[in-house]
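Remarks on the structure that follows.
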Amino acid sequence: MEIFNSLLFYVIAFLLLFSAIAVIFMPKIVYNVIFAVFAFLLTGAYYFMLNATFIGICQVAIYAIAISILLLFAIILTPFYKEKDLWITFKPRILLSAGAIFVIFICVILIIFEYFQSFDTTIPLKQSVLNINTINLIAENIFEKYIFAYETLSLLLLITIIGIGAIICKHKLEEK
Amino acid sequence: MLEIFLNIGLFHYLFVAFCLFLIGFWGVIILKNTIKILICIELMMSAVCLNMVAFSAYNCPVEISGMTFSLFIMAISATQLAVGLSILIMLFKYKKNVDIEKFEDLKG
């Protein structure tokens with residue numbers, strides 16, 4: 001069972017990173033959105049493996065469905081057919097940024113190895129952890145401990161709706 | 001040596017999330033299409049969420065602040081995508097283009 005779980009982890013990791021790279025290098029933008037949805041679904045699978053079922057459901061509902069619909073609407077509303085010119089920037093920037101990112105990768109991996117040597121990071125999830133009902137705990141956290149952050153977030157969402165509505169209304173008035 | 005690969009621990013999740021974050025970051029640097037750049041920012045956000053959930057599942061499974069905050073991060077990332085796309089659509093009406101290098105009116 002343990003071997004099955006670790007195999008599942010590696011398969012999901014490979015597919016996730018592959019689809020994330022495909023988001024960058026696919027020339028057509030609709031394929032990009034499809035691969036992005038695939039990557040978000042696979043991240044949701046990780047949440048289910050980590051016993052965060054509610055977060056996984058939210059991930060699938062928000063990222064894989066809502067955000068993809070937003071992106072598809074944006075693609076419909078911005079028709080631009082010469083997609084080859086818009087693929088990626090000129091070559092020196094790609095090579096330079098790849099080099100910089102490789103250096104960051106090596107540095108962070110070295111720092112992580114140095115820092116995590118003091119305690120074992122490959123301990124698997126305990127069986128007792130898998131029995132915790134995380135939904136109740138999340139509800140308690142949101143409505144007791146982080147109630148201020150939650151209310152601020154709802155205010156932010158309200159401001160966003162009003163702001164987007166104001167932008168669209170202003171544009172329509174200018175058209176008239 | 002084989003145990004490191006067989007027992008999936010916190011480090012493995014952190015490694016995958018870090019790779020995902022770097023891929024998103026690379027995309028933000030090299031891409032030209034604004035919608036693709038927004039998708040890459042979403043990838044980075046989802047990597048951050050994965051980090052938080054992994055930490056909270058492994059380190060303090062009873063008091064799950066990480067999972068709660070990953071919910072907040074999801075809402076904020078959806079908000080920034082909506083605002084970014086609405087600004088892009090408004091700009092598209094003036095410029096007739098989605099290339100981010102054409103939006104250089106504010107360049108000093």
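As the structure is a prediction and not an experimental result, all values here were calculated from the model. Proteins come first, then strands; the chains are lettered A, B, ... in the order of their sequence lines, and each starts at number 1.
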- [ ] Could you tell me whether a side-chain N or O of B/T34 sits under 3.5 Å from a main-chain N or O of B/V98, the two making a donor and an acceptor?
- [x] yes
- [ ] Against chain B, label A/A98 side chain, backbone, both or neither, depending on which of its atoms sit under 4.5 Å from a heavy atom there.
- [x] both
Task: Option passing side chain to side chain contact (heavy atoms under 4.5 Å, CB included) with A/I138 (candidates A/I142, A/N136, A/I135) - done: A/I142
Task: A/N141 side chain vs B/I64 backbone, donor-acceptor pair below 3.5 Å - done: yes
TODO: Output the option from A/I21, A/L7, A/I12 having the highest count of non-hydrogen pairs under 4.5 Å with chain B.
DONE: A/I21
Open item on the list: I'd like to know whether CZ of A/F9 has more than 12 heavy-atom contacts from other residues, nucleotides or ligands below 6.0 angstrom.
Closed with: yes
Quick one: side chains of residues 39-47 of chain B, donor-acceptor pairs under 3.5 Å with protein atoms, not counting sequence neighbours, listed by atom name and distance.
residue : atom : partner : partner atom : Å
B/E42   : OE2  : B/Q80   : NE2          : 2.9

Task: Largest heavy-atom contact set with chain B, pairs under 4.5 Å, which of A/I104, A/L96, A/I109 - done: A/I109
- [ ] Could you tell me which residues in residues 53-63 of chain A have at least one non-hydrogen atom under 4.5 Å from a non-hydrogen atom of chain B, sorted by residue number?
- [x] A/F54, A/I55, A/C58, A/Q59, A/I62, A/Y63
Open item on the list: Between B/Y13 and chain A, with a heavy-atom cut-off of 4.5 Å, which part of the residue counts as in contact: side chain, backbone, both or neither?
Closed with: both
Task: Distance-only side-chain donor-acceptor flag, B/T68 / A/Y150, under 3.5 Å - done: no
Task: Exceeds 12 heavy-atom contacts within 6.0 angstrom, atom CZ of A/F73 - done: no
